[in-house]
Enquirer: 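Here you go, one structure.
Worth knowing before you read on, the calculation uses all heavy atoms, side chains too, and leaves out hydrogens, waters and symmetry mates.
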Amino acid sequence: MSVVLRPARTDDIPAVRRLVDLYAPDRRLLSKATVTLYEDVQEFVVAERAGNIVGCGALHVMWQDLAEIRTLAVDPADTGAGVGSALLELLVERGRQLGVARIFCLTFERDFFLRAGFAEMSEPAVAPEVFAELLQSEDEGVAEFLDLERVKPNTLGNVRMILRL
């Protein structure tokens, strides 16, 4: 049976919560409050098979030219079937449509993102004036992107990766 990719709806959030909860205990995904998932529903896309959500992912715009892939997860029963790649491709296309030039991710899945054209970050992430603006964000993902000390426990072992569009 084929997978349908579509924008998430509020009634998909319990399934997104389930997917996050599968991967959060071993820190493969950052756990988020359910209220945050609802607040960010417009950033999410889901993969649906036979009425069941089998994958999800979000694109969060951080700055004029920069967005982040977040909460990309596939049900373990569906891994290896191309669901994650299809979701990532759709999220990258959303980034293109929004006009961002770079897409960031913080991941343990280095090889998956390398295959999709991402590269490990080696240069400073943003110009100093943009860094100063981003410091004003209360978003934990932005703090992780900036590699702030207070989020170091969340980022241990992760690889910072970037895709230039």
Side-chain angles (χ1 to χ4, degrees), residues 1-9 12-32 36-123 125-126 139-147 154-155 157-165:
M1 187 161 300
S2 65
V3 171
V4 174
L5 302 179
R6 61 170 175 77
R9 299 184 301 253
D12 296 323
I13 295 304
V16 171
R17 165 92 273 148
R18 180 186 66 81
L19 290 168
V20 169
D21 290 346
L22 288 172
Y23 294 100
D26 64 358
R27 297 180 336 125
R28 301 200 66 79
L29 281 182
L30 183 63
S31 187
K32 296 179 179 189
T36 302
L37 296 173
Y38 279 109
E39 289 171 344
D40 297 341
V41 68
Q42 70 280 355
E43 297 181 355
F44 277 88
V45 293
V46 295
E48 184 177 15
R49 181 190 320 270
N52 296 312
I53 302 301
V54 298
C56 65
L59 182 75
H60 179 78
V61 175
M62 299 170 75
W63 197 250
Q64 177 182 1
D65 67 337
L66 181 66
E68 179 185 11
I69 298 289
R70 294 182 169 181
T71 321
L72 184 59
V74 175
D75 189 292
D78 286 272
T79 56
V83 175
S85 294
L87 285 165
L88 180 58
E89 187 176 306
L90 179 58
L91 292 168
V92 168
E93 182 54 34
R94 275 185 157 195
R96 281 190 181 95
Q97 291 171 0
L98 289 169
V100 297
R102 300 175 300 156
I103 297 179
F104 162 80
C105 71
L106 184 64
T107 184
F108 287 102
E109 302 297 333
R110 178 183 175 275
D111 292 341
F112 172 79
F113 283 96
L114 281 173
R115 286 191 302 273
F118 283 72
E120 289 189 40
M121 288 180 60
S122 57
E123 74 280 351
V126 292
D139 186 280
E140 286 298 298
V142 173
E144 290 174 346
F145 171 75
L146 296 175
D147 205 23
N154 292 340
T155 63
N158 284 338
V159 179
R160 298 162 52 83
M161 302 188 80
I162 196 97
L163 175 69
R164 297 187 189 294
L165 301 180

Enquirer: State which residues pass ring pair (Phe, Tyr, Trp, His ring centres under 6.0 Å) with Phe118; sequence neighbours excluded, sorted by chain then number.
Expert: Phe113
Enquirer: Do side-chain atoms of Tyr23 reach the backbone of Val74 as a donor and acceptor pair under 3.5 angstrom?
Expert: yes
Enquirer: Around atom CD of Gln97, are there more than 12 heavy atoms from other residues, nucleotides or ligands closer than 6.0 Å?
Expert: yes
Enquirer: Going from OG1 on Thr107 to CD1 on Ile69, what distance comes out if it is rounded to the nearest 0.5 angstrom?
Expert: 10.5 Å
Enquirer: Could you state the interatomic distance from CG (Leu59) to CD (Glu68), rounded to the nearest 0.5 Å?
Expert: 9.0 Å
Enquirer: Where is the tightest heavy-atom contact between Val20 and Ser31, given as atom of each residue plus distance?
Expert: CG1-CA, 4.1 Å
Enquirer: Minimum heavy-atom separation for Val45 to Leu87, with atom names?
Expert: CG2-CD2, 3.7 Å
Enquirer: I'd like a table of donor-acceptor pairs (distance under 3.5 Å, sequence neighbours excluded) in which one partner is a side-chain atom from residues 75-85, with atom names and distances.
Expert:
{"from": "Asp75", "atom 1": "OD1", "to": "Ala77", "atom 2": "N", "distance (Å)": "2.9"}
{"from": "Asp75", "atom 1": "OD2", "to": "Arg18", "atom 2": "NH1", "distance (Å)": "2.8"}
{"from": "Asp75", "atom 1": "OD2", "to": "Arg18", "atom 2": "NH2", "distance (Å)": "3.2"}
{"from": "Asp78", "atom 1": "OD1", "to": "Arg49", "atom 2": "NE", "distance (Å)": "3.1"}
{"from": "Asp78", "atom 1": "OD1", "to": "Arg49", "atom 2": "NH2", "distance (Å)": "2.7"}
{"from": "Thr79", "atom 1": "OG1", "to": "Pro76", "atom 2": "O", "distance (Å)": "3.0"}

Enquirer: Quick test of your reading: applying salt bridge (charged side-chain N to carboxylate O under 4.0 Å, His left out), list the pairs with at least one residue in residues 79-89, sequence neighbours left out, ordered by first then second residue.
Expert: none
Enquirer: Looking only at non-hydrogen atoms, find the nearest pair between Arg94 and Phe44 and report the distance.
Expert: NH1-O, 3.8 Å
Enquirer: Residues two or more places apart in sequence or in another chain: which of them pass salt bridge (charged side-chain N to carboxylate O under 4.0 Å, His left out) with Arg17?
Expert: Asp21
Enquirer: By side-chain contact (heavy atoms from CB on, under 4.5 Å), which residues pair with Asp111, not counting sequence neighbours?
Expert: Leu114, Arg115
Enquirer: Is the shortest heavy-atom distance from the side chain of Leu88 to the side chain of Phe112 under 4.5 Å?
Expert: yes
Enquirer: Measuring from Leu106:CG to Arg160:CZ, what's the distance to the nearest 0.5 Å?
Expert: 7.0 Å
Enquirer: I'd like to know whether Val61 forms a side chain to side chain contact (heavy atoms under 4.5 Å, CB included) with Leu66, so could you lay out the CA-CA distance, the side-chain angles of the two residues, the decisive distance to 0.1 Å, and finally the verdict.
Expert: CA-CA 6 Å; Val61 175; Leu66 181 66; over 6 Å; no
Enquirer: Is it the case that His60 and Glu43 place a side-chain donor and acceptor less than 3.5 Å from each other?
Expert: yes
Enquirer: So how far is it from Arg164 CZ to Asp65 CG, rounded to the nearest 0.5 Å?
Expert: 9.5 Å
Enquirer: Side chains of Leu163 and Arg102: does their closest heavy-atom pair fall under 4.5 Å?
Expert: no
Enquirer: Suppose we screen for side-chain contact (heavy atoms from CB on, under 4.5 Å). Which residues come up paired with Arg6, at least two apart in sequence or across chains?
Expert: Arg9, Asp12, Val46, Glu48, Ile53
Enquirer: So how far is it from Glu39 CD to Thr36 OG1, rounded to the nearest 0.5 Å?
Expert: 5.0 Å
Enquirer: Give, for atom CG of Leu91 and atom SG of Cys105, the distance between the pair rounded to the nearest 0.5 Å.
Expert: 11.0 Å
